[in-house]
Amino acid sequence: DDILRKDLDIHAAEQELKRANEQLKRATRDKEEEIKNFRKAEVNLAALKGLLPGLTFQKDDILRKDLDIHAAEQELKRANEQLKRATRDKEEEIKNFRKAEVNLAALKGLLPGLTFQKDD
């Protein structure tokens, strides 16, 4: 009876040892997989760090171009305002010229015997 109990204890201990070995194998595989993933992540991180200077340059270049675009937009606004002023001035000159033509025609009508000379 004592021997049977010891046999059962030995068998239970062997089963427990077998389960512990399986858990150890599983944990070892998981650890190796994690190490492999970590190394891949390290390689990816190194690659990303290598890209960082180029991306920084691109960002700075975009910011410079944005400033250039802003300056060009401001210059375009100023040019448009100058064009509007010049157009208003020209329209005013044309209006004044037409008034002068009307006045001249009226004077010619009042003074039919006079001749007018053009100024060159």
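Everything quoted here is computed from the prediction, not taken from an experiment. Residues take their numbers from the sequence shown, with the count starting at 1. Computed from heavy atoms alone, side chains included, the values below leave out hydrogens, waters and symmetry copies.
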Results of salt bridge (Lys or Arg N to Asp or Glu O under 4.0 Å) for [X] - residues two or more places apart only:
| X | result |
| --- | --- |
| Asp2 | Arg5 |
| Glu93 | Lys90 |
| Arg78 | Glu75 |
| Glu33 | Lys36 |

Exercise for the section: Identify, with sequence neighbours excluded, every residue that meets side-chain contact (heavy atoms from CB on, under 4.5 Å) alongside Glu42. Expected result: Phe38, Arg39
Problem - Hydrophobic cluster partners of Leu48 (side-chain heavy atoms under 4.5 Å) - result: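 So far as hydrophobic clustering goes, Leu48 is joined with Leu51, Leu55.
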Exercise for the section: Might you confirm whether atom CG of Leu17 has over 12 heavy atoms from other residues, nucleotides or ligands at distances under 6.0 Å? Expected result: yes
Practice task
For Lys77, check side-chain hydrogen bond (donor to acceptor under 3.5 Å, both in side chains) against everything at least two apart and list the hits.
Solution key: none
Fill in the blank from the handout: In this structure, CG of Leu63 is separated from NE2 of His70 (nearest 0.5 Å) by 13.5 Å
Fill in the blank from the handout: Partner of Asp61 under side-chain contact (heavy atoms from CB on, under 4.5 Å), picked from Lys65, Gln58, Lys59, is Lys65
